[in-house]
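Working notes, beginning with the structure itself.
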Amino acid sequence: MEKSKLLTAYRKMRTIRDFEERMHVEFATGGVPGFVHLYVGQEACAVGVCSQLEGNDTLLGTHRGHGHALAKGVDARRLLFEIFGRAEGLCGGNAGSCHVHDSSVRYIGANSGVGSGAAIACGVALAAKTRSDGAVAVPLIGEGAANQGVVLEAMNLASVWKLPVVFVFENNGYAEATGSDWAIAGGELWGRAAAFDMPGVAVEGHDFFAVSEAAAELIDRARKESRPAVLELRQKRFYGHFEGDAQTYRGDGEVDYLRSERDCLTIFTDRVIAEDWLTKEELAVIDEEVTTLIADIYEEVKEAALPAESRLFDNVYASPY
Amino acid sequence: MEKSKLLTAYRKMRTIRDFEERMHVEFATGGVPGFVHLYVGQEACAVGVCSQLEGNDTLLGTHRGHGHALAKGVDARRLLFEIFGRAEGLCGGNAGSCHVHDSSVRYIGANSGVGSGAAIACGVALAAKTRSDGAVAVPLIGEGAANQGVVLEAMNLASVWKLPVVFVFENNGYAEATGSDWAIAGGELWGRAAAFDMPGVAVEGHDFFAVSEAAAELIDRARKESRPAVLELRQKRFYGHFEGDAQTYRGDGEVDYLRSERDCLTIFTDRVIAEDWLTKEELAVIDEEVTTLIADIYEEVKEAALPAESRLFDNVYASPY
Amino acid sequence: MPLKTFRQAINDTLVQEMQRDVRVILIGEDIAGGTGCEGDGDAWGGPLGVTKGLISEFGPDRVLDTPISEAAFMGAAVGAAMNGLRPVVDLMFNDFVSVCFDQVCNQAAKCHYMYGGQNSVPMTIRANTGAGISTAAQHSQSLHPVFSFFPGLKVVVPTSPYEAKGLLTTAIRDDDPVIFLETKLLYDMEEDVPDESYEIPFGEANILREGGDVTIVAVGRMVHVATEASAALARKGIECEIIDPRTTSPLDTETILESVEETGRLVIVDETTPRCNFATDVSAMVAQEGFAFLKAPIRMVTAPHTPIPFAPNLEQLYMPDPAKVSAAVQQVVGYQG
Amino acid sequence: MPLKTFRQAINDTLVQEMQRDVRVILIGEDIAGGTGCEGDGDAWGGPLGVTKGLISEFGPDRVLDTPISEAAFMGAAVGAAMNGLRPVVDLMFNDFVSVCFDQVCNQAAKCHYMYGGQNSVPMTIRANTGAGISTAAQHSQSLHPVFSFFPGLKVVVPTSPYEAKGLLTTAIRDDDPVIFLETKLLYDMEEDVPDESYEIPFGEANILREGGDVTIVAVGRMVHVATEASAALARKGIECEIIDPRTTSPLDTETILESVEETGRLVIVDETTPRCNFATDVSAMVAQEGFAFLKAPIRMVTAPHTPIPFAPNLEQLYMPDPAKVSAAVQQVVGYQG
Ligand SMILES: Cc1ncc(C[n+]2csc(CCOP(=O)(O)OP(=O)(O)O)c2C)c(N)n1
Ligand SMILES: Cc1ncc(C[n+]2csc(CCOP(=O)(O)OP(=O)(O)O)c2C)c(N)n1
Ligand SMILES: [Mg+2]
Ligand SMILES: [Mg+2]
C-alpha cells in the first residue's frame, strides 16, 4: 500500500480512537444527549474498508457510526457538533449520534431499524449502475442486525439485480447484551453468502491489512462485474453496547485481553514499523495533530450555538407542502 | 406404506383435483367471489407431506390453500362454503379462499403477507415444545414467498430456538408471473438451509412417494431432536397464478407437457398398480365417491345461506371490548 | 378529448414521465410480468394490468421486476432516490406496507428531516386501496389515514381518471415521497382525459358540486357515493356541496372551512375504519378552526370498527353507501340545536 | 403501600402473572441480556432494565431472548398465542413495529375475525413510547393513534406505576392482542403500588381532577403536563377536569361526553403528531355525539407535523408542555361565541 494511504489510514484510526475515548469521558460527566455507541476497538474495520473506496463510492454506517463516518472522511468537528445537537452539526442537530449523515462525502447515516442500510445500499448501487458511474455501495451491518429480514432480502435482491454492493458484517461479538454466536444459527455470517449466490469471506477485524486486502478484492470484483459479495469482520468492541452499559455479560478479563492483544492501533503500528513502511516519528506527528484536534473541537462544541427554534419546522418536506 | 395410508393419500389427491377442476369451471362462469388460486398439479406436495403428520401436528397453508386444507383433513363441504362466502363456511364467510382456516384439524390458513406462516409456525412449535407434546409445525411456503424477510428470519429463529419446524417450500415455477429461478439467487431454496444451520433436501413434487419419504425423514428428525429442516418440492402448477390469468409468460406447450408427463395422479396410479399395492378397482371406487361428493357440494353451495348481517360485527374481539 | 380508464390514465402518465425524465424508473412485483419465464416478458403489467407495455418500451433497466421482497426493494427505492433517480414503486395492495413500513414511514418519510435537508427522497409509491372485490381483511384496507399520520409523506387519493393523471404527474415530479392510492373499484372508470400531460397541484381540493345546505367532504371512491347520495337528496330539496380534497396530506383546510362557513353543516365520508382516521381529522380541524360556523354536529360516515369480511354480502354492509350518506346528511340538516 | 417506580411495577406484574399462569411467557431482545455470553446471563432485563431478574426466576424456557428479528418473533408470538400460550412480547421502542407491522396490525389484530372466531390471540406487546430523551426521529414516536386505528387491537397507555400494574395485569389476562405503551419519561416515576395483584378494566377512564370550566382529555405523560397546567390555571380561577382515558382502544366515550356536558369546553392533549391522531379522534367523537354541549371550539394540543428532532432544545419545543396547554385552555375559556 502507498505510504500516503498508510498515513491516512493511521490518522483515521487514531482520530476515531481519540474521538471516542474522549466521548466516553464526556458522556460519563454528562452533556452528551441521547444514546451513544462507541466504536473503540473496531477502528480497523471501517478504516480498512474505506481504504479501498473511491470518491464516488458510498458507505452506509450504523448506530455505532462515529468511526464509520470518520473513516469515510466526515469532518470530525461537524460530527461532534451533531452529536452534541448543535446548529453547526452535520444535520443541523436533527440526527444526533445514531443518524449522522454527510452526503458531501457520500456517507449515509444509520436509519431506523438496524440493518436497513443493506436495502438502501441496493438502491444507491442501482442508481450508480444505471448511470454506469462505476461506483459501489458498501453497507456496514452489525452481526446482530444481520438477522433482520431486510438484510437477507437485500442480499437476494442484490444478487438478482446484479448490483455492486459489498455487504460488510461487523461481527463485534455482541448485539446489545446478546452473544453473536448464539443469535446467528451456525455462528457464521460469511457462510450465508453462498445461500444468495455470492462470495463470502471472513477476516479478523483488528488487522487493518487483513481487512483492506479482503475488501480490495471484493470491492474490485463488485465494481468490475457488478455483483455483490459478503465480508465478515470479526473483532469485539472495547466498550459497552451504549455508554452506561455495565457489561456484566462479558467474560472476566475480556476487555483487558482485547486491549492488550487485539488493539488494531498497536497491531498496525508494530507492523508498519517492523516492515519499515512508516517511522515512529511520522506516527508521532499524527498522534500530536490528532490530540490537538480532539482537544480543540471538544472545547469548542460546548460553547457552540444551539439550532435556531425555527429549525424545528424546516426540512419536513423538500418541496412545497 | 400401509395400504390404508395409500388409499387415504389417493382419496385426498383425487378430491383436491376434482375440487379444483370444478372450481376452475365455476370461476369462469362467475359466482366465486374474490381471487382464487388453484392447486392443480401440486396435489402430491401437500398430500405427501401430510401423510407424515400426526393428529396434533399443525400445517400452515398459503393463499393457494384449497389443496393444503384438504390434505390436512379439512371438510371439503365447509371449505367450499367458505370459498363461496356462505354462513356454514369454515370461518363463517370471513376468510374466503385465501385464508381458509380450521383449528379443529390444526390447519392454519394463510395470513396476509405471503410467507408469514413461517414465523407463525415457529410459535406453534414453541408452544408444542413448551408443553412437550411432541408435535411439529409445518409451514408451506411458495418459492416466491421464500424471499420475504420474515421467512428468512424465521429459519434463523427456528434454529436458534431449536424448534420442531419443517419449512416446506413449494417451488411451483412461478410467483405470480415471475420465474422462480430468476427471483431466487442461485435458483435453489434447499441450499439456503445450510446458511441457517439445518438440513435441506429437494425432491420432485409430482412424486407422492418422493415427497412423503423426504418428509418422513425430516419430520421425524424435527420431532425427535426438536430441530428445524427445509424441504423443497419442485413441481409446476397447471393453472394460472389466479383464475383469470392468461399465462402468456409460460413456454409453449408447457401445460400440455405437465399434464401428460408430470401429473401426480397418473404417476401415483401407475406406481401403485405396477407395484401391486392397490388395484384399479379400489381406485375406481374412490374416484366415484369423490365425483359424487364434489357434485353434491357444488350443487349445495349455490343455494346455501349467506352469513347473517350481524356477523359483520362478531369476532372482532375475543373478550369484551 | 379521448375517453380513458383510470388504469389507462395511470399507464399514460408513467409513459409520459419516463419519456420526459430518464431518472424515472419503475420498481415492483410483476410490473412487467414474465421476467425469468420462457414466454412473453411483458405478460402482466402488474396483477391489475396497469403497467402493461412499459417494459417493452423502456426495457428492464427502467422497469424492474423484483423478488417478493418489499422491504428490500422499497429500501432500494429510498437509496436510489437519495442517489439521483426518481423511482415509482408499485406496492400492489396498500396493505403490503405492513412488510415495508420501516422503509416507507421511517426512512422515506424522515430522511430529509433527519439528515438536516441534505438529501431529498423523490419517490412515488403507487398502491391499490379499498374494499369491494372480496379480497378480505388483509387486502382491502384503506390506509390513507395511517400514511397521513406521518410527517414527511404526501398522500394522494385520486377519484377519477382525469385526477389520476394530473396528480400522478405531480407526484412523480415532486421532490418528496408521495403515496398514490388507487381505489380498486375505480380502475375501470372511464372519463375524458387529455393526451398531453398536466399537473394537478397537491393541497387544492376540488369542489364537485356546489350546494348551500351541507358540506360533504369525501375521499377516493366515496366522492362518487356522496355524489349519488346528493342527487337523491337534491330531489328532497337538500343541496350538498361536495369536496374532494384530492390529497389527504397536505390537506386543503381552507376550502373545507370556507364551505362550512357557507353551509354550517359537515358530513365526512371515508371508507376507512372509524378510529383515528381521515374523517376524524377533518372533523377535528373544523371543530377547532370553524366552530363558529357549525349549526349541527359533524357526522362521519365510515366503515365500522371491524376487519373487512370476505363474504360479499357482509362486505357491502361494511362499506359506506349512498343510503348511509343520505341518512347522515338528513340528520345534520334536520338537527334542531 | 410500598413506593414503586413505573419500571418496578411492570416487573412485579410480570412476575406475578408468570407465577399465576404457566402459559405466560416473555419474548424479546435482551429481555434477559447475557444469553450466549460468557458472563452474567441475567445482565440487562432489556435496554431499560424492566425485565431484570425474570430469567433467573423463570428460566430460558419462559423468558426467551431473541435474535434481532422482530417479524419472526412477533409472528411466533401470534402462533404461540393461537396454540395455547399467552406471550408477552417486548418490542423495545414502539417505533419498531415498523419491522413487524404485518404481524401486529394484520395477523394479531385480524386472525380472530378472519378465522371466524376459531382462535383467539391472547398476547401483550409491551413497547416504550414518546420523546424526551433525545432518541430522535425514529425512536421517539408516539404511535398509539396508529395502533388504535386497527380493529382487533386494544391499546393501553398507562400514566403511573399504579395504572401500569393494574392495566398490565388486565392486558396479560385479556384474550385479545393488547398494545401496552410505556412512556419513556415515566419509567422512574414513583408511586404507592399495592403488592397484591389487581386489574384495572379497559375502557374506563380515570378522572384525575374535577373542575367545571373545561374538560382536558390527555393521554400518557400528557396527563401530568395537563395536571401541571391545571394547577397554574386554578390560580387564575379556571378549574379543569382532567380525564385519563387509560386505554385509547377501547375508548371510554361516555366519561368524556359526560364531562363535556358539564363543562361545555374541551381541550385534548396528545404528544403525537397532529394528523389522524388520538386528539382528532376524541374531538370528532365529541363533535358528533356531544355537539350540543359545546360552548367553544375544541382545541388540540399536540406535537407539530414534523419528525422528532434530536437536538434537546428542539425536542423540548416539539413536545406539548404546560404553557401550551394553558394557552389552549385560556383560549377556549375566553371564547366569545
Ligand atoms: C429493528 C431494530 N430492532 C432493534 C433495535 C435496537 N437496537 C439498536 S442497536 C441493537 C444491537 C445491534 O447489534 P449489532 O447489529 O451487532 O451492532 P453493534 O451494536 O454490535 O454494533 C439493537 C437491538 C433497532 N435499532 N432496530
Ligand atoms: C408480502 C406480500 N407481497 C405480495 C403479495 C401478493 N402475492 C400474492 S401471491 C403472490 C405470489 C406468491 O408466489 P409463491 O410464493 O411462489 O406462491 P404460488 O402462488 O406460486 O403458490 C404474490 C406476489 C402478498 N400476498 N404478500
Ligand atoms: Mg454486534
Ligand atoms: Mg410459486
Side-chain angles (χ1 to χ4, degrees), chain A residues 58 60 82 89-96 98-104 106 108-109 111-113 115-131 133 135 137 139 148-161 163 307 311 314-321, chain C residues 22-23 25 27 35-36 60-62 64-85 87 99-103 105-107 109-123 151-154 173-178 201-203 249-250:
Chain A
T58 299
L60 297 98
E82 184 60 38
L90 284 163
C91 306
N94 277 8
C98 293
H99 307 290
V100 182
H101 172 97
D102 185 352
S103 64
S104 73
R106 294 194 152 268
I108 295 189
N111 208 315
S112 177
S116 55
I120 296 175
C122 289
V124 171
L126 175 70
K129 188 182 173 185
T130 303
R131 286 190 299 263
D133 63 15
Q148 275 287 303
V150 66
V151 175
L152 298 156
E153 286 189 359
M155 290 168 75
N156 186 61
L157 186 70
S159 227
V160 170
W161 278 358
L163 299 174
R311 288 283 300 186
D314 291 347
N315 295 317
V316 182
Y317 295 93
S319 51
Y321 181 73
Chain C
V22 293
R23 298 170 304 173
I25 60 163
I27 296 176
T35 302
D61 287 345
R62 295 188 63 200
L64 290 104
D65 264 343
T66 69
I68 311 180
S69 305
E70 286 83 357
F73 69 69
M74 194 63 80
V78 172
M82 285 173 65
N83 195 15
L85 299 183
V99 294
C100 54
F101 206 80
D102 199 40
Q103 284 68 35
C105 298
N106 275 330
Q107 298 167 32
K110 300 181 174 79
C111 269
H112 184 65
Y113 189 83
M114 210 168 64
Y115 296 157
Q118 291 180 69
N119 289 89
S120 60
V121 187
M123 64 189 274
L153 299 178
K154 294 174 176 172
R173 296 178 188 177
D174 194 273
D175 280 336
D176 292 302
V178 179
F202 291 171
S249 178

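Because only heavy atoms are used, hydrogens play no part in the values below, and waters and symmetry mates are left out as well, while side chains stay in.
- Judged by distance alone, the side chain of A/N94 and the main-chain N or O of C/G116 form no donor-acceptor pair under 3.5 Å.
- Residues A/C91 and C/M114 are not in side-chain contact: their nearest non-hydrogen atoms beyond the backbone lie 4.5 Å or more apart.
- Interface residue A/D314: only backbone heavy atoms are found under 4.5 Å from chain C.
- Of the atoms belonging to A/P320, it is backbone heavy atoms, and not side-chain ones, that fall under 4.5 Å from chain C.
- Only the side chain of C/I27 comes within contact range of chain A, with at least one heavy atom under 4.5 Å from a heavy atom of that chain.
- Among C/I68, C/D65, C/V99, C/L153, the residue with the largest count of heavy-atom pairs under 4.5 Å with chain A is C/L153.
- Each of A/T130, A/N111, A/V150 has some count of heavy-atom pairs under 4.5 Å with chain C, and the biggest count is that of A/N111.
- In this structure, A/C122 and C/A76 approach most closely via the heavy-atom pair CB-CB, 4.0 Å.
- Per-residue heavy-atom pair counts under 4.5 Å with chain A were compared for C/D174, C/D175, C/D61, C/L64, and the maximum is reached by C/L64.
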Side chain to side chain contact (heavy atoms under 4.5 Å, CB included) for A/S319 and C/R173? Distances and angles first, verdict last. CA-CA 10 Å; A/S319 51; C/R173 296 178 188 177; over 6 Å; no
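- Heavy-atom distances place the side chain of C/Q103, and not its backbone, under 4.5 Å from chain A.
- For A/V124, the parts sitting under 4.5 Å from any heavy atom of chain C are the backbone and the side chain alike.
- Atoms CD and OG1, on A/E153 and C/T66 in that order, are 9.5 Å from each other to the nearest 0.5 Å.
- In this structure, C/K154 and A/Y317 have side chains that are in contact, with non-hydrogen atoms separated by less than 4.5 Å.
- Using a 4.5 Å cut-off between heavy atoms, C/C100 does not touch chain A at all.
- With C/Y115 as reference, A/I108 is the one residue of A/L90, A/I108, A/D102 to meet the side-chain contact (heavy atoms from CB on, under 4.5 Å) rule.
- With respect to chain A, the highest number of heavy-atom pairs below 4.5 Å among C/V78, C/V121, C/N119 belongs to C/N119.
- A donor-acceptor contact shorter than 3.5 Å is absent between the side chain of C/Y113 and the backbone of A/N315.
- The choice from A/A154, A/A318, A/G89, A/A127 that makes the most heavy-atom pairs within less than 4.5 Å of chain C is A/A318.
- For A/R131, the part lying near chain C is the side chain, with the backbone staying farther off; criterion is any non-hydrogen pair under 4.5 Å.
- Between C/F202 and A/Y321 there is no side-chain heavy-atom pair separated by less than 4.5 Å.
- Under the 4.5 Å side-chain criterion, counting only non-hydrogen atoms from C-beta, C/I25 is in contact with A/L126.
- Closest approach of C/P151 and A/V316 over heavy atoms only: CB-CG1, 4.1 Å.
- Side-chain contact between C/M82 and A/H101 is present, with heavy atoms from C-beta onward closer than 4.5 Å.
- In terms of heavy atoms, A/G113 sits closest to C/D102 at N-OD2, 3.3 Å.
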